[in-house]
Enquirer: 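Pasting a structure here, questions to come.
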Amino acid sequence: MSRLIPSEIEPKWQKAWKAAGCFTARHDPARPKYYVLEMFPYPSGRIHIGHVRNYTMGDVIARYKSSCGYSVLHPMGWDAFGMPAENAAMASGGHPKDWTYSNIATMRDQMKPLGLSIDWSREFATCDPEYYAQQQRMFIDMLDAGLIYRKAAMVNWDPVDMTVLANEQVENGRGWRSGALVERRELTQWFFRISDFAGELLDALEGLEKWPEKVRLMQANWIGRSRGLQFAFEVINAPEGHETIEVYTTRPDTLMGASFVGLSPDHPLVKSLEPGNPELAAFCAECRRMGTSEEELETAEKKGFDTGLKVRHPFDPDWELPVHVANFILMDYGTGAIFGCPAHDQRDLDFARKYDLTVHSTFAPLDPGAEFVAPENGGAAFVPQKSERVDYVRGFAGERIQTGEEGIATAIAHFESLGIGTGVTKFRLRDWGLSRQRYWGCPIPVVHCADCGVVAEKRENLPVRLPDDVSFDAPGNPLDRHPTWRDVPCPVCGAPAKRETDTMDTFVDSSWYFARFTAPHATTPTDPAETEYWMNVDQYIGGIEHAILHLLYSRFFARAMHLTGHLPEKCKEPFEALFTQGMVTHEIYLTYEPLRYDGTTVSDGVPQNEGRRPIYHLPEEVERSADGTVVLKATGEAVEVIPSAKMSKSKKNVVDPVSIVAAYGADTARWFVMSDSPPERDVEWTASGAEAAFKHLGRVYRLAFELKDAGAPEGGAEDEALERATHRAIADVTEGIEGFAFNTSIAKLYGFTNTVAKSAASAGAKAEAMRVMAQLMSPMTPHLAEELWAMLGGTGLVAEAGWPKADPALLVEDTVTLPIQINGKRRGEIEVAKDASKAAVEALVLEHAAVVKALEGGSPKKLIVVPGRIVNVVV
RNA sequence: GCGGACGUGGCGAAAUCGGUAGACGCGAGAGACUUAAAAUCUCUUUUCCUCAGUGAAGUACGGGUUCAAGUCCCGUCGUCCGCACCA
């Protein structure tokens with residue numbers, strides 16, 4: 001075979017790897033381990049090119065580390081519970097289980113031809129009863145340990161999916177999957193006490209040095225720590241049981257500028273007033289209707305309602321402040337009550353002006369300047385950086401002139417010394433609600449008994465299996481209306497009781513799968529010997545979209561598993577290094593169809609169907625015309641090209657890996673997605689780029705084919721030069737892989753190929769170079785690498801050959817070219833021995849024609865020699 | 001609004017312990033081989049010029065530090081991302 005035929009070599013080598021058991025992860029105490037993991041996929045039905053890029057990155061690392069002598073764990077599984085399966089069942093009949101497992105089978109079949117070095121013996125799906133049984137077991141352990149509790153809570157209700165969503169699953173007020181506007185509802189829900197760990201999860205971010213700064217920052221913002229003061233206002237003419245109002249503030253230094261107390265419509269005091277005050281009740285009802293959606297919050301008017309109550313200022317018994325209910329105060333942050341300081345908060349200022357409340361500055365700029373207008377005189381609220389020094393015109397603690405930070409600290413200290421307030425640290429992070437009113441999830445293993453209350457299922461009865469005989473012809477949860485599954489005896493007293501019909505959020509499933517991979521068939525959630533050896537994940541790879549949810553939950557879950565004895569202490573941060581990869585994008589081809597006015601109008605009088613409608617075209621429907629523009633093949637009509645767009649079926653710019661592999665082979669697909677762009681950035685799929693990748697691999701193959709009967713190297717200068725180039729390539733390619741710069745490794749391999757092709761070295765020396773080429777290419781294009789290796793007489797499989805080592809002695813050239821700069825501009829160059837002394841270099845430089853000319857007989861002001869790099873002459 | 005990242009040829013991009021800007025690839029152009037095509041190979045390709053010179057300019061824009069700046073500092077503009085009534 002003188003030509004590269006991927007469809008012949010790829011299955012051949014995949015078989016050889018399987019026969020040799022190359023990718024079976026072996027718990028070998030004698031060898032260091034390396035655990036590389038890509039975020040496991042949801043079995044949507046087909047793999048897409050983004051998966052190919054994601055898994056190829058992991059595969060490059062896995063194969064490289066394996067070559068370096070590590071015992072590598074590189075597993076694959078399926079994040080298999082979740083709503084699409086139910087939606088599919090509702091849309092086209094069938095069962096979520098069948099839909100899911102058949103998708104998994106399809107996707108596995110599509111992935112295997114990629115030649116990934118995955119240990120398939122460890123594969124599992126989160127919907128396997130063997131997996132969720134262990135999850136239920138941990139749920140009970142965590143319940144016993146007080147890490148899980150139940151409470152009635154306002155939840156985000158998705159009216160389309162008929163389920164509860166976590167705050168993180170609400171995007172712009174809409175359900176992240178259904179896109180429906182989310183409503184507020186009060187339900188009794190299960191919660192993980194993740195907020196108890198807020199401080200720890202925040203502080204531990206510091207130690208995650210191999211995580212992207214961006215992700216750590218996003219998590220830190222999400223956890224949202226604030227330091228403030230909590231204290232109580234005394235209520236005048238207080239209703240029974242509400243003698244004080246506790247407030248929380250991050251700006252206690254502005255207390256002397258307080259002008260009102262604001263309460264959330266859900267505040268207990270407000271609720272107690274509502275029955276006797278119909279107007280107030282109406283106002284609160286309106287606020288609650290408004291919902292939590294950001295869209296509404298954004299546009300909603302800041303509204304208040306005066307309760308008529310007054311509170312006393314803590315430092316002045318004669319100073320009374322009105323108490324308003326305000327629609328912008330959240331019950332679940334702080335105490336649900338604030339004091340408003342209009343001078344230093346724009347929102348409070350707007351509110352004060354609307355309801356005619358007093359405005360007093362507590363501090364003023366040190367140097368006001370002509371354009372400064374104090375808020376009490378109609379200016380904007382004065383909100384300087386907390387680190388800025390200001391003049392406390394109405395301060396009560398600390399220096400007259402101090403920073404906001406100092407003012408806050410002294411104010412808290414002052415309250416604490418008087419015993420009327422406490423410094424408090426609050427977090428934005430709230431507990432993780434895990435109940436979902438869905439069928440296709442891990443059943444929550446508890447039973448509701450009239451006498452015993454909510455009790456956990458007995459451990460020996462696990463798993464609580466999902467029943468197979470369910471129907472999806474009605475919305476809501478089929479478990480709720482299952483004829484027999486629900487009714488069970490109480491595990492404690494044996495009386496008739498009812499099973500919990502809620503299932504777990506699928507983020508629970510993905511919060512520990514990485515630990516399960518270390519002992520996927522254990523009869524306990526984890527196996528201590530295996531977690532001890534394999535954990536932690538040395539390199540985790542996935543999309544930035546999981547920066548907050550999945551990664552934060554997993555960090556919490558690892559701690560919870562540690563506390564319940566399922567993970568050792570060292571696993572509290574289970575991901576040592578994280579890499580977030582970019583997407584694979586593709587151009588969109590677009591023409592427009594004019595729309596005619598159809599005689600109707602929409603509500604605001606705008607004519608219906610004005611303008612034009614986009615029509616998308618598949619890549620094969622367009623071509624580049626002679627003048628470089630893109631036109632439709634059929635009509636020659638000009639096509640608008642939108643570059644680098646996220647792939648989407650409706651935009652017709654999806655590249656299907658299956659057809660790419662069929663056309664060019666897996667190696668080409670792998671090579672292409674790793675080339676061109678740095679891995680963290682998006683890469684644009686282009687037909688010409690894929691073609692180029694394929695051609696290059698063919699060229700490498702031919703180069704090796706011509707050398708397959710080469711004899712021994714002959715020695716000599718050309719052979720030696722090629723050997724040096726080889727070691728240079730080893731060093732550069734290795735550096736690229738180590739640094740997650742696969743695109744530069746590939747660029748070096750292109751360069752090395754050119755070098756070998758043009759080299760005048762003996763055939764034997766070239767064959768030697770090509771064997772190294774096979775080793776260096778093996779992480780990216782493993783099938784071609786095996787073929788080259790076998791053709792050139794390599795021993796065994798290249799997958800099992802060690803990684804080549806660059807000889808430092810061969811990396812340094814005997815002579816180096818030093819550019820000569822004159823006043824910082826390049827004016828010439830000299831060749832010197834690599835170990836030439838500074839004095840020798842200086843002498844040579846001063847003889848250089850350009851330097852002589854520039855000096856005009858004088859001597860240089862300064863002569864800078866950076867050994868091995870550059871010379872700069874200042875005249 | 002708050003926080004962050006990033007701006008380099010026609011395009012994707014290299015080069016950041018400050019030391020030859022544009023490696024490598026795409027696209028484009030020229031040529032070789034061929035009856036022709038495909039395939040393959042070779043060369044050119046930052047811009048400008050009184051166009052082959054030891055020429056000038058050049059890494060968004062304007063300043064600064066330095067013998068030397070894509071890289072460091074200050075400001076401006078632009079693009080992208082995250083968060084957002086959080087008291």
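Quick note: numbers below take in every heavy atom, side chains included, and nothing from hydrogens, waters or symmetry partners.
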Enquirer: Can you check the distance between B:G75 and B:A68, where both ends of the measurement are the C1' atom (answer in whole Å)?
Expert: 24 Å

Enquirer: With P as the reference atom in both, quote the distance from B:C6 to B:A14 in angstrom, rounded to an integer.
Expert: 13 Å

Enquirer: Check nucleotides 3-10 of chain B for protein N or O atoms closer than 3.5 Å to its own N or O atoms and list the pairs.
Expert:
none

Enquirer: What's the closest nucleotide to the side chain of A:Arg430 if the choices are B:C86, B:C67, B:C41?
Expert: B:C86

Enquirer: The side chain of A:Val874 lies closest to which of these nucleotides: B:A87, B:C67, B:U42?
Expert: B:C67

Enquirer: Can you sort out the partners of A:Glu587 under side-chain hydrogen bond (donor to acceptor under 3.5 Å, both in side chains), two or more places apart, ordered by chain and number?
Expert: A:Tyr589

Enquirer: Less than 6.0 angstrom separating the ring centers of A:Phe351 and A:Phe260, yes or no?
Expert: yes

Enquirer: Taking B:C48 as the reference, what is the distance to B:G58 when you measure between their C1' atoms (whole Å, please)?
Expert: 10 Å

Enquirer: Indicate whether the side chain of A:Asn754 and that of A:Arg699 have a donor and an acceptor atom separated by less than 3.5 Å.
Expert: yes

Enquirer: Starting from C1' on B:C86, measure out to CG on A:Asp348 and report it in whole angstrom.
Expert: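 Distance, rounded to whole Å: 13 Å.
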
Enquirer: What is the distance from CZ of A:Arg251 to C1' of B:C86, rounded to the nearest Å?
Expert: 15 Å

Enquirer: Which pair of heavy atoms, one from A:Ser226 and one from A:Tyr248, lies closest together, and at what distance?
Expert: OG-OH, 2.9 Å

Enquirer: Would A:Glu286 and A:Lys303 pass as an ion pair if we require N to O under 4.0 Å?
Expert: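 Result for this pair is yes, salt bridge flagged.
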
Enquirer: Could you pull out the protein-nucleic contacts involving nucleotides 69-71 of chain B (nitrogen or oxygen on both sides, under 3.5 Å)?
Expert:
none

Enquirer: Can you tell me how far C1' of B:A87 sits from CG of A:Asn327, to the nearest Å?
Expert: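 Nearest whole value for this atom pair: 14 Å.
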
Enquirer: Can you tell me how far C1' in B:A23 sits from the matching atom in B:U16, rounded to whole Å?
Expert: 15 Å

Enquirer: If you count the non-hydrogen atoms of other residues, nucleotides and ligands that lie under 6.0 Å from CD in A:Glu735, is the total more than 12?
Expert: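 No, the 6.0 Å shell around CD holds no more than 12 heavy atoms from other groups.
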
Enquirer: Is there a side-chain polar atom (N or O) of A:Tyr333 under 4.0 Å from OP1 or OP2 of B:A87?
Expert: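 Answer is yes, contact under 4.0 Å.
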
Enquirer: If I pick the C1' atom on B:C33 and the same atom on B:A38, what distance separates them, to the nearest angstrom?
Expert: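 Roughly 13 Å separates the two C1' atoms.
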
Enquirer: Hey, are A:Glu246 and A:Gln230 close enough side-chain-wise for a donor-acceptor pair under 3.5 Å?
Expert: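 Distance-only check passes for A:Gln230 and A:Glu246.
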
Enquirer: With rounding to whole Å, what would you report as the distance between B:U66 and B:G3 at their P atoms?
Expert: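 Approximately 32 Å lies between the P atom of B:U66 and that of B:G3.
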
Enquirer: Take the protein atom CD1 of A:Ile544 and the nucleotide atom C1' of B:C80, then report the distance between them rounded to whole Å.
Expert: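 Interatomic distance, CD1 of A:Ile544 to C1' of B:C80: 13 Å.
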
Enquirer: Atom CG of A:Asp350 and atom P of B:G1: how far apart are they, to the nearest Å?
Expert: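 Computing the A:Asp350:CG to B:G1:P distance gives 15 Å.
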
Enquirer: Name the one of A:Thr249, A:Thr254, A:Asp253 that satisfies side chain to side chain donor-acceptor pair (under 3.5 Å) with A:Arg251?
Expert: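 Exactly one option meets the side chain to side chain donor-acceptor pair (under 3.5 Å) with A:Arg251, and it is A:Asp253.
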
Enquirer: Once you measure the plane-to-plane angle for A:Phe742 and A:Phe740, does it fall in the parallel (<30°), tilted (30-60°) or perpendicular (>60°) bin?
Expert: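 The arrangement is tilted - the two ring planes meet at 30° to 60°.
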
Enquirer: Return the 5'-most residue of the pair A:Phe328, A:Met218 with respect to RNA chain B, ranking by each residue's nearest nucleotide.
Expert: A:Met218

Enquirer: Would you please say whether a donor-acceptor pair under 3.5 Å links the side chains of A:Thr307 and A:His324?
Expert: no

Enquirer: Provide the closest heavy-atom pair for A:Phe415 versus A:Leu229 in the form atom of the first, atom of the second, distance.
Expert: CD1-CD2, 3.4 Å

Enquirer: Per the side-chain contact (heavy atoms from CB on, under 4.5 Å) rule, which among A:Leu697, A:Asp667, A:Ile737 passes with A:Met780?
Expert: A:Ile737

Enquirer: Give me the distance, rounded to whole Å, that separates B:G62 from B:A69 when you measure between the P atoms they each carry.
Expert: 15 Å

Enquirer: Measure from CG on A:Leu549 to P on B:G82 and round the result to the nearest Å.
Expert: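 So the two atoms are 12 Å apart, to the nearest Å.
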
Enquirer: Return a single string for nucleotides 19-29 of chain B, one symbol per nucleotide in 5' to 3' order, where B is base contact, S is sugar-phosphate-only contact and - is none, cutoff 4.0 angstrom on heavy atoms.
Expert: BB--BSSSS--

Enquirer: Tell me, which pairs form a side-chain hydrogen bond (donor to acceptor under 3.5 Å, both in side chains) where one or both residues lie in residues 740-752 of chain A, sequence neighbours left out?
Expert: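 The answer is A:Trp671-A:Tyr750.
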
Enquirer: Mind calculating the distance between CD (A:Glu246) and C1' (B:A87) to the nearest angstrom?
Expert: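 In whole Å, B:A87 C1' lies 15 Å from A:Glu246 CD.
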
Enquirer: With a 3.5 Å cut-off and no angle check, do the side chains of A:Arg670 and A:Thr56 form a donor-acceptor pair?
Expert: no

Enquirer: How should the glycosidic conformation of B:G9 be described, syn or anti, under the criterion that syn lies within 90° of 0?
Expert: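 Base orientation relative to the sugar is syn.
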
Enquirer: For A:Ser226 and for A:Arg702, locate the closest nucleotide of RNA chain B by heavy-atom distance; then report the residue assigned to the nucleotide nearer the 5' terminus.
Expert: A:Arg702

Enquirer: Starting at atom CG of A:Leu818, determine the distance to atom P of B:U54, rounded to an integer number of angstrom.
Expert: 21 Å

Enquirer: Please determine, by modelled atom types, if A:Gln219 and A:Arg555 share a side-chain donor-acceptor pair under 3.5 angstrom.
Expert: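 On atom types as modelled, these side chains qualify, holding a pair under 3.5 Å.
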
Enquirer: Dot-bracket for RNA chain B, please, read 5' to 3', with Watson-Crick or G-U wobble pairs under 3.5 Å on both distances, ( ) within the strand, [ ] crossing, | other strand, . unpaired.
Expert: (((((((..(((......[....)))((((((.......))))))((((...).)))..(((((..]....))))))))))))....

Enquirer: Counting heavy atoms not belonging to A:Lys354, are there more than 12 under 6.0 Å from its NZ?
Expert: yes

Enquirer: Write down the distance separating the C1' atoms in B:A15 and B:C86, rounded off to the nearest Å.
Expert: 44 Å

